[in-house]
Amino acid sequence: MTRFVCTVMILALAVAAQADIYKWVDQRGTVNYTEDLGKVPKKYRKKVTVIPEGGAPAAEVTETVERGGKEKKPETGQKEVENALAPKQEKKKMVYGGKDEDAWKTEFRTLRSEIKANEAELAARRGRLANPGTMNRGDFLGVQREAKRIEETLTGLNTKLNTLEESAQRAGVPLELRK
């Protein structure tokens, strides 16, 4: 009996996992997605595109009203489907020293954020060291060691940043990518 109940529950979960996705565009032009048709506002339900689980979007059926109140025949949004499936051409990214623009930006951003985080951590440790009366000797020495370790880490990170700056300059990376 337990096997039967477990099998039924597994099958029920598998069926629930195969949900369609509903896509619609609101009056501001924002594209919205949901798995529950009930969450689509009523005024957009006639313009919903159903995207089957794991598949391409189905053709969108929309109703439009001409001026004068006459209703046109429903149109299929096949152009939208074709556009969604067509490969998009991306802007070609420049490569400097074997790395593209995004790689340089990411590397600079990561290093600078690590430096900023370590500087904040060091300031916190120095703040604790400024008031030694609130901790015992062991804690004080531990905080001192942590501060020294953070200072060494900061020295290494700053050296890395300087090296990266020099590499970027040699590779001809523009200044706006280095910020």
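Predicted, not measured: the structure shown is a model, and the values here were computed from it.
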Quiz: residues 132-142 side-chain donor-acceptor pairs under 3.5 angstrom, not counting sequence neighbours:
{"from": "Thr134", "atom 1": "OG1", "to": "Asn131", "atom 2": "O", "distance (Å)": "3.0"}
{"from": "Asn136", "atom 1": "OD1", "to": "Gly138", "atom 2": "N", "distance (Å)": "3.2"}
{"from": "Asn136", "atom 1": "OD1", "to": "Asp139", "atom 2": "N", "distance (Å)": "2.8"}

Got a second to check how far Thr106's OG1 is from Glu101's CD, nearest 0.5 Å?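 Reported to 0.5 Å precision, the distance equals 11.0 Å.
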
Same cluster (ILVMFWY, side-chain, under 4.5 Å), Tyr44 and Leu37: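 Both belong to a single hydrophobic cluster.
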
Do Ile21 and Val31 share a hydrophobic cluster, counting only Ile, Leu, Val, Met, Phe, Trp and Tyr and linking them when any side-chain heavy atoms are less than 4.5 Å apart?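 They do share one cluster, since a chain of ILVMFWY contacts under 4.5 Å joins Ile21 to Val31.
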
Which atom pair, heavy atoms only, marks the closest approach of [X] to [Y]?
{"X": "Trp104", "Y": "Ala171", "value": "CZ2-CB, 4.1 Å"}
{"X": "Val40", "Y": "Arg45", "value": "O-NE, 2.9 Å"}
{"X": "Leu129", "Y": "Ala147", "value": "CD1-CB, 4.2 Å"}

Taking the side chain as every heavy atom from C-beta outward, state whether Val25 and Lys47 have any atom pair closer than 4.5 Å.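 Sidechains of Lys47 and Val25: no contact.
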
Identify whether the distance between the nearest side-chain nitrogen and carboxylate oxygen of Glu121 and Arg125 falls below 4.0 Å.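 Yes, Glu121 and Arg125 are salt-bridged.
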
Taking side chain to side chain contact (heavy atoms under 4.5 Å, CB included) as the definition, give me every residue that meets it alongside Lys39, ordered by chain and number, with sequence neighbours left out.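 Residues passing side chain to side chain contact (heavy atoms under 4.5 Å, CB included) with Lys39: Thr34, Asp36.
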
Do any side-chain atoms of residues 157-166 form donor-acceptor pairs under 3.5 angstrom with protein atoms, and if so which ones, sequence neighbours left out?
{"from": "Asn158", "atom 1": "ND2", "to": "Leu154", "atom 2": "O", "distance (Å)": "3.1"}
{"from": "Thr159", "atom 1": "OG1", "to": "Thr155", "atom 2": "O", "distance (Å)": "2.8"}
{"from": "Asn162", "atom 1": "ND2", "to": "Asn158", "atom 2": "O", "distance (Å)": "3.3"}
{"from": "Thr163", "atom 1": "OG1", "to": "Thr159", "atom 2": "O", "distance (Å)": "2.9"}
{"from": "Glu165", "atom 1": "OE2", "to": "Arg112", "atom 2": "NH2", "distance (Å)": "2.9"}

Evaluate side-chain contact (heavy atoms from CB on, under 4.5 Å) for Glu151 paired with Arg126, printing each intermediate quantity in order. CA-CA 11 Å; Glu151 286 172 347; Arg126 286 183 176 157; 2.6 Å; yes

Taking atom CD of Glu176 as the centre, report whether more than 12 heavy atoms of other residues, nucleotides or ligands fall under 6.0 Å from it.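 Buried by this count: over 12 neighbours within 6.0 Å.
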
